[in-house]
Amino acid sequence: MAGRKIRIPEGLEIIPPEFYSRPTEEVAPDLLGAVLLNRVNGKWRGGRIVETEAYLGKDDPASHAARSKTPRNSVMFGPPGRAYVYFIYGNYFCFNAVAHDGISGAVLVRALEPLYDIEGMRAARNRCKDILLCKGPGRLCMALEIEREYNCKELYHSEIIIAADKNWAAPQEIASGERIGIQEGGHLPLRFYIAGNPYVSRTPGKACNLDKT
DNA sequence: CACGCGATTCGCT
DNA sequence: GCGAATCGCGTGT
């Protein structure tokens with residue numbers, strides 16, 4: 001055996017980097033149902049992705065990559081399949097998966113349904129209500145202990161991984177809507193979430209349905 | 001080099 | 001429902 005194989009939970013299959021080498025707005029809904037895992041204290045901790053947002057390149061004024069490449073956003077301009085983690089509001093981190101078929105782009109993971117090492121999440125989140133453990137981009141980073149040092153890490157062969165769940169049927173209803181908490185470019189329907197899932201961070205009135213079958 | 005603010009969260013009213 | 005907390009980055013002087 002050439003490279004050592006990573007052991008991840010039963011039924012999960014690591015998503016290869018090619019998956020992310022497509023238009024960001026296609027990768028974002030396709031990540032719904034996949035599982036984000038982080039290795040913490042020898043255990044896999046994570047959950048199912050139930051809400052994402054696409055942030056595009058120069059044509060998307062809300063994206064960190066809307067302007068030129070800077071030290072902060074440089075990962076968005078790099079190879080797809082890496083983590084883009086940034087610090088926000090002086091307190092929190094947001095986790096993205098770099099995804100694009102051209103210059104730049106990333107998918108913000110906004111919420112998870114907790115599945116693995118929920119005890120660890122509770123400890124990391126100071127024992128808040130379980131429903132809130134990963135309900136929001138800042139919260140899920142706290143729960144999974146994702147911090148600055150994760151920026152730039154590849155998501156397919158290290159201690160932070162996104163994997164497809166072979167035993168999970170794609171939901172009939174994926175909803176899309178406007179992205180949350182942004183000013184310019186807010187009209188674009190680049191937010192995607194599993195309709196009716198209780199772990200989605202917010203369910204604004206303005207949303208349209210898409211078929212994904 | 002200074003200044004303004006953000007892909008948020010939590011606690012208080 | 002609203003506002004404070006908190007700081008690194010990017011823009012403009």
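Just so you know, these numbers use all the heavy atoms, side chains as well, and skip hydrogens, waters and symmetry mates. Per chain, numbering begins at 1; letters A, B, ... match sequence-line order.
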Within the 4.5 Å heavy-atom criterion, are [X] and [Y] side-chain neighbours or not?
| X | Y | value |
| --- | --- | --- |
| A/Leu190 | A/Leu56 | yes |
| A/Arg191 | A/Ser201 | yes |
| A/His100 | A/Met76 | no |

Check your understanding: When rounded to the nearest 0.5 angstrom, what is the spacing between OH in A/Tyr193 and CD in A/Glu53?
Key -> 11.0 Å
Practice item. Output the distance between atom CG (A/Leu115) and atom CG (A/Asp165), rounded to the nearest 0.5 Å. Key: 8.0 Å
Could you please name the option among [options] that lies closest to any side-chain atom of [X]?
| X | options | answer |
| --- | --- | --- |
| A/Arg148 | C/dG8, B/dC10, B/dT8 | C/dG8 |
| A/Asn96 | B/dG6, B/dT9, B/dA7 | B/dA7 |
| A/Arg67 | B/dA7, C/dT11, B/dC10 | C/dT11 |
| A/Tyr86 | B/dA7, C/dT6, C/dG10 | B/dA7 |

Between [atom2] on [N] and [atom1] on [X], what's the gap in Å once rounded to a whole number?
| X | N | atom1 | atom2 | value |
| --- | --- | --- | --- | --- |
| A/Ile180 | B/dG6 | CD1 | P | 16 Å |
| A/Met76 | C/dC9 | CE | C1' | 15 Å |
| A/Phe93 | C/dC9 | CZ | P | 11 Å |
| A/Ile49 | B/dA7 | CD1 | P | 20 Å |
| A/Asn126 | B/dC10 | CG | P | 10 Å |
| A/Ile88 | C/dG8 | CD1 | C1' | 10 Å |
| A/Lys135 | B/dT8 | NZ | C1' | 15 Å |
| A/Glu184 | B/dC5 | CD | C1' | 13 Å |

**Study point:** A/Ile131, CD1: over 12 other non-hydrogen atoms inside 6.0 angstrom
**Key:** yes
Practice item. Give A/Tyr55 one of three labels, base, sugar-phosphate or nothing, depending on what nucleic acid heavy atoms sit under 4.0 Å from its own. Key: base
Check your understanding: Contact class for A/Arg72 (heavy atom, under 4.0 Å): base, sugar-phosphate, or nothing?
Key -> sugar-phosphate
Review point. Hey, is the side chain of A/Tyr89 pairing donor to acceptor with the base of C/dA5 inside 3.5 Å?
Key: no
Point to revise | Identified stems (criterion: three or more consecutive Watson-Crick or G-U pairs, under 3.5 Å), DNA chain B | key: B:1-6 with C:7-12, B:8-12 with C:1-5
Review point. In whole Å, what separates the P atom of B/dA7 from that of C/dG1?
Key: 23 Å
Check your understanding: Tell me, which of residues 99-110 of chain A have any heavy atom that sits under 4.0 Å from an atom in DNA chain B?
Key -> A/Leu108, A/Arg110
Check your understanding: Are A/Glu51 and A/Arg202 ion-paired here, with the side-chain N under 4.0 Å from a carboxylate O?
Key -> no
